[in-house]
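Report on the structure given below.
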Amino acid sequence: MSSSNQEGAAKTQPRPTIKAVRGTRDLLPDQTPLWNHVESTARAVFARYGFGEIRTPIFEDTSLFSRSVGEETDIVSKEMFTWEDRARAASEKAQSLTLRPESTAGVVRAYIEHKLGETGSLQKLYYIGPQFRRERPQRGRYRQFWQIGAEVIGPQTSGSESPLRDAELLEMLASYLDELGVKGWRLELNSVGNAEDRTRFNVALREALAPVRERMCPDNQRRAETNPLRVLDSKEEQDQDIINALPKIADFLSDASREHFAQVLAALDACGVPYHVNPRLVRGLDYYTRTTFEFTVTTGLGTQNALLGGGRYDGLSEMLGGPKAPGIGFAIGEDRLILTLQAQIEEAERDAKQAGSDIESQVEKARKLDAYIAPLSAGQNAAALKLARDLRKEGLTIEVGDGSFKLRKSFDTADKLARHIMLLGEDEVASHTVTVKTFATGTQERIPREALLKVLRMIPG
RNA sequence: GCGGCUAUAGUUCAGUGGCAGAACGCCGCUCUGUGGCAGCGGAUGUCGUGGGUUCGAACCCCACUAGCCGCCCCA
């Protein structure tokens with residue numbers, strides 16, 4: 001192989017290619033329809049429950065997250081994309097900014113900033129957007145990932161603290177997953193009590209852990225120190241006996257918290273939403289109180305089996321310097337939801353193939369354009385584009401070829417993309433007609449331009 | 001942040017020290033206004049990047065980068 005390297009000087013130096021940075025990725029057109037479906041279904045379902053969309057900034061003051069999510073959490077202590085925004089004037093201080101690792105804090109910040117509590121009414125807000133965490137990428141875990149979330153928040157007089165709200169939110173999630181066709185989801189929930197309950201429990205837990213800590217694995221020893229609650233949901237086999245003997249949060253709930261939780265469960269029962277109470281379900285974010293929950297799924301996610309998580313945050317607004325505004329919310333891992341659906345679609349297609357039916361070709365057919373316009377030579381290019389313009393204005397989906405293409409190539413391309421091919425040669429242009437061939441039937445007809453739309457609508461396929 | 005596995009054509013992958021390969025896809029021709037089928041032909045490429053060992057490296061060694069799997073954590 002002799003590549004002409006003699007004029008090496010003329011050869012452009014190979015430039016290093018730039019790739020999407022670690023943990024981020026592109027979603028190409030073969031992916032985005034499913035994403036849009038997941039999102040538009042969310043919008044439709046949430047609207048039925050009276051939710052409105054909120055869009056908050058993608059970056060915020062760093063202290064918003066350290067104050068809400070919690071200084072000691074992994075998210076804040078080592079997983080945030082944070083940078084110092086430079087001061088624009090000598091009198092100004094540099095501000096620490098952070099790409100949002102989650103959206104609840106930003107939504108509550110907006111609630112406070114816009115004094116939404118002053119309206120007196122319950123706020124039901126949902127959002128769809130990217131979040132950022134500097135974790136090691138893995139299946140279902142990316143550094144830029146998408147969440148679909150919702151928050152119900154308001155002054156106590158708006159009923160924001162009612163267990164009805166908890167149950168409604170969970171029922172909405174169940175309906176959403178069902179409507180998307182997610183199979184085999186499992187709802188686990190628990191109550192972690194109010195702030196006082198949690199404080200008392202934490203003290204008791206530390207006391208109980210002190211004498212047995214040495215016998216646990218290093219991870220749990222560290223947790224016992226930094227965040228004792230998290231010892232409870234450790235999966236470490238060796239430590240299970242110790243963990244099972246630890247105090248249970250249920251025994252530390254105040255009467256009010258206990259009653260609240262009971263009412264949530266009663267409402268779920270009434271709605272027929274299946275659930276599993278998991279006394280060891282503890283969520284990592286500092287702001288959670290009382291009801292906490294997650295939905296898990298067994299298909300497609302590997303060990304990242306949590307599809308969504310959420311809970312109450314009755315004290316969050318006050319943590320951020322706002323008025324008392326109890327609330328509850330959730331965040332769906334959209335990337336994980338998509339992975340789950342893709343795995344389940346693949347499974348269904350495999351089953352369908354075995355059963356002899358042909359889903360795949362139906363999907364393909366649904367995606368095809370109405371027509372492909374093939375100018376037979378460059379002389380018809382302008383006329384082809386004009387025809388496309390007219391038909392697109394009528395709502396048809398059209399692709400236009402190029403007069404330089406050989407007819408064979410036009411047919412090949414057209415058959416891949418569209419249901420009809422429209423041939424536009426000198427004859428057609430002169431006689432104001434179009435030759436239309438329908439791939440499904442193989443029939444071909446010369447149709448006057450004026451009648452084209454009418455005829456096209458009558459042709460099947 | 002830690003551990004394991006992986007990286008070769010557009011895609012899926014084979015190639016374990018001696019000429020860079022297959023299938024699918026792509027392009028061309030058979031066939032210049034009628035495609036799908038078939039036949040023939042063609043291009044696939046920094047073998048992830050950089051270094052080392054060797055007469056010789058896609059192959060062995062080291063480092064880096066990225067992906068996957070697991071841990072941690074979380075959606």
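In this text, all values refer to a predicted model and were calculated from it rather than measured experimentally. Residue numbers begin at 1 in each chain, while the letters A, B, ... track the order of the sequences.
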_Separation of atom NE2 in A/His420 from atom C1' in B/G36, rounded to whole Å_ = 17 Å

*Do the side-chain N or O atoms of A/Arg22 get closer than 4.0 angstrom to the phosphate oxygens (OP1, OP2) of B/A66?*
yes

*Has A/Arg230 got a side-chain N or O lying under 4.0 Å from the OP1 or OP2 atom of B/C74?*
yes

*Below 4.0 angstrom from OP1 or OP2 of B/C74, is there any side-chain N or O of A/Arg133?*
no

*Rounded interatomic separation in angstrom, taking CG from A/Leu285 and P from B/C74*: 7 Å

*In whole angstrom, what separates A/Leu177's CG from B/A75's P?*
16 Å

*Within the structure shown, what part of the strands sits under 4.0 Å from A/Lys437 by heavy-atom distance: base, sugar-phosphate, or nothing?*
base

_Phosphate-side-chain proximity, A/Lys409 and B/C27, N/O vs OP1/OP2 below 4.0 Å_ = yes

*Could you state the atom-to-atom distance from CZ of A/Phe295 to P of B/C74 in whole Å?*
19 Å

*Whole angstrom value for the distance that separates C1' of B/A75 from CH2 of A/Trp146*: 13 Å

*Can you tell me how far P of B/A75 sits from CD of A/Glu151, to the nearest Å?*
12 Å

*Phosphate contact (B/G70 OP1 or OP2) by A/Arg139 side-chain N/O below 4.0 Å*: no

*No-hydrogen, no-angle side-chain donor-acceptor test under 3.5 Å, A/Tyr49 and A/Glu171*: yes

*Under a 4.0 Å N-O cut-off, is there an ion pair linking A/Arg143 with A/Glu135?*
no

*Show your working on ring-ring contact (aromatic ring centres under 6.0 Å, His included) between A/Tyr126 and A/Phe51 and close with a plain yes or no.*
CA-CA 6 Å; A/Tyr126 79 88; A/Phe51 282 80; 7.3 Å; no

*asked:* How many whole angstroms separate atom CD of A/Glu135 from atom P of B/C68?
replied: 13 Å

*Residue pair A/Asp26 / A/Ala20: nearest heavy atoms and the distance that separates them*: OD2-CB, 4.5 Å

*Distance, rounded to the nearest Å, where A/Phe411 contributes CZ and B/U34 contributes C1'*: 4 Å

